[in-house]
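Order of listing sets the numbers, starting from 1, for every ligand and every atom in it. Count residues from 1 along the sequence. If you're wondering where the values come from, they're calculated on a predicted model, not measured in any experiment. Note: hydrogens, waters and symmetry copies are ignored here, and every other heavy atom, side chains too, is used.
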Amino acid sequence: MINRRKFITLSTSTASAILLTQCVSNSIKAKSSNSVTQSSVGNLLDVDLEASFDQVNIAGKKAKLLSYNGQIPGPRLEAKPGDTVRINFTNKLPQPTNLHYHGLHIPPTGNADNVFLKIQPGESFTYEFTLPKNHPSGTFWYHPHLHGLVAEQVFGGLAGLLIVRGELDEIPEIQAAEEQFIVLKDFALNRNQANFQGHMGIMLGREGELLTVNGELNPNFSIPQGGLLRLRILNASTSRFYRLKLEEHPLYLIATDGGSISEPVELSEVLLTPGERVEILVRGEREPGQYRLLNLPYDRTGGMGGGMMGGGMMGGGMMGNRSNTNTSQTLATLTYNNRVETLPLPKQLITVPELPQAQKTRRLTLNHGMAPGMGMVFLINGQPFEMGNPDTVVKLNTIEDWEIANTGTMDHPFHLHVNDFQVISRDNKPEPYRAWKDTTLVRRGEVVRIRIPFKDFPGKTVYHCHILDHEDLGMMATLEIQA
Ligand SMILES: [Cu+2]
């Protein structure tokens, strides 16, 4: 088998040299590069991570953006269940920040996935946690999570993949597949600098006009004719939704946010909201040639963000570059290469168990309104986020159902930290297949019922809308898990 997993373990000092090499290969578009990878050695992943505001390569040019270790996306971190992860973090930004490990089942306290920490400019902090031995394998990620600054810092470029390699990677058909990571992220540049300000679209959720894949515009991916390509896709955008379709190819879904589903599910397209991940198998079963990965139109704001009203009272420019309500965009191109022996799809993956009935049901309402002196605020159960007392208190080792009702006029992707959940139903219609999720879309007018087992870790954490402007504008609440 070809060396599809070339894990490079690098110190940060050699990372820039590798990055330079990657840029050269980017310019000749030989094959899309991924970020520098840092993998665990023995049972320790020890990484130096520095957030800075400086010149980086983006979309084929140089621009001043926010980045981790000068790379966009940030270095890809890889660990195994049972590994200890130590991140020696330095904040070289002109403002405070912190780190969130999106999707990981680790403590929300101390120096683990603690979103209440604040790392001041110039300060360093060591994050350290151990992945449980039974942690699912999957596609996770890290990004800043300091309330009030999250949207701007993620929009400026801060995000990276965090991969847990395990059971799913050992299934023979999946091992035989080529692997490609896809980090979807939109950017707005103003004279080659991140454009943080002047976004009248903040209330809707800011979007940029540059749709990058791994920091590039329309990169090329290859698939062996007859072979399998495993796409591991993250939506790391602040607000933009992606409705993904690969020309003339069905998508075989094998994993969602929390890892493997029970067996592959054939789909013609996938909607990926901010924070969500999917893993897809593609079969190289078409005529050799080039096929586009498309972002199809989707309206997440009920016509407020362009489309209908784009040239009208809102003014297209004033609202910024809104969602693709009218046209499709090309994100990447898939090119066939040498024929290989025809590879089969896996039949079975890793079973997602049916959860027992919930011991308690709660209802959450998502909406927005105007607050005196604050303008628009985004609310959960009528309240904007306030640091302090928990809004919801649950007992460790219990299972709860949360009915999340979106009574507003925009879609909101709902995200819960620390514990994964299963979506039970949407408007009382059962989900077509079971999956572990940490982020799920609640469309305007919809009621989504999720079932959450609270396991292993007591402490305070949060749930929120993953349109990060909505989170910063109040659509977040504190959850306390009591031992
Ligand atoms: Cu929202």
Is the distance from the Cu ion (ligand 1) to the nearest N/O/S atom of H466 under 2.8 Å?
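No N, O or S atom of H466 is closer than 2.8 Å to the Cu ion (ligand 1), so no.
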Should the pair K64 and F53 be classed as cation-pi, given the thresholds of under 6.0 Å to the six-membered ring centre and 45° from the axis?
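The answer is yes; both the distance and angle limits are met.
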Closer than 3.5 angstrom, by distance alone: can the side chain of K185 be matched with the main-chain N or O of V154 as a donor-acceptor pair?
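Judged by distance alone, yes, a pair lies under 3.5 Å.
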Are R232 and D169 ion-paired here, with the side-chain N under 4.0 Å from a carboxylate O?
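Yes.
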Salt-bridge test for E247 and K245: reply yes if a basic N is under 4.0 Å from a carboxylate O, no otherwise.
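Looking at K245 together with E247, the answer is no, because their closest N to O distance does not fall below 4.0 Å.
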Rounded to 10 degrees, the angle SG of C465 makes with ND1 of H412 at the Cu ion (ligand 1):
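Between SG of C465 and ND1 of H412, the angle at the Cu ion (ligand 1) is about 130°.
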Shortest-distance N, O or S atom of H470 relative to the Cu ion (ligand 1):
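H470's closest N, O or S atom to the Cu ion (ligand 1) is named ND1.
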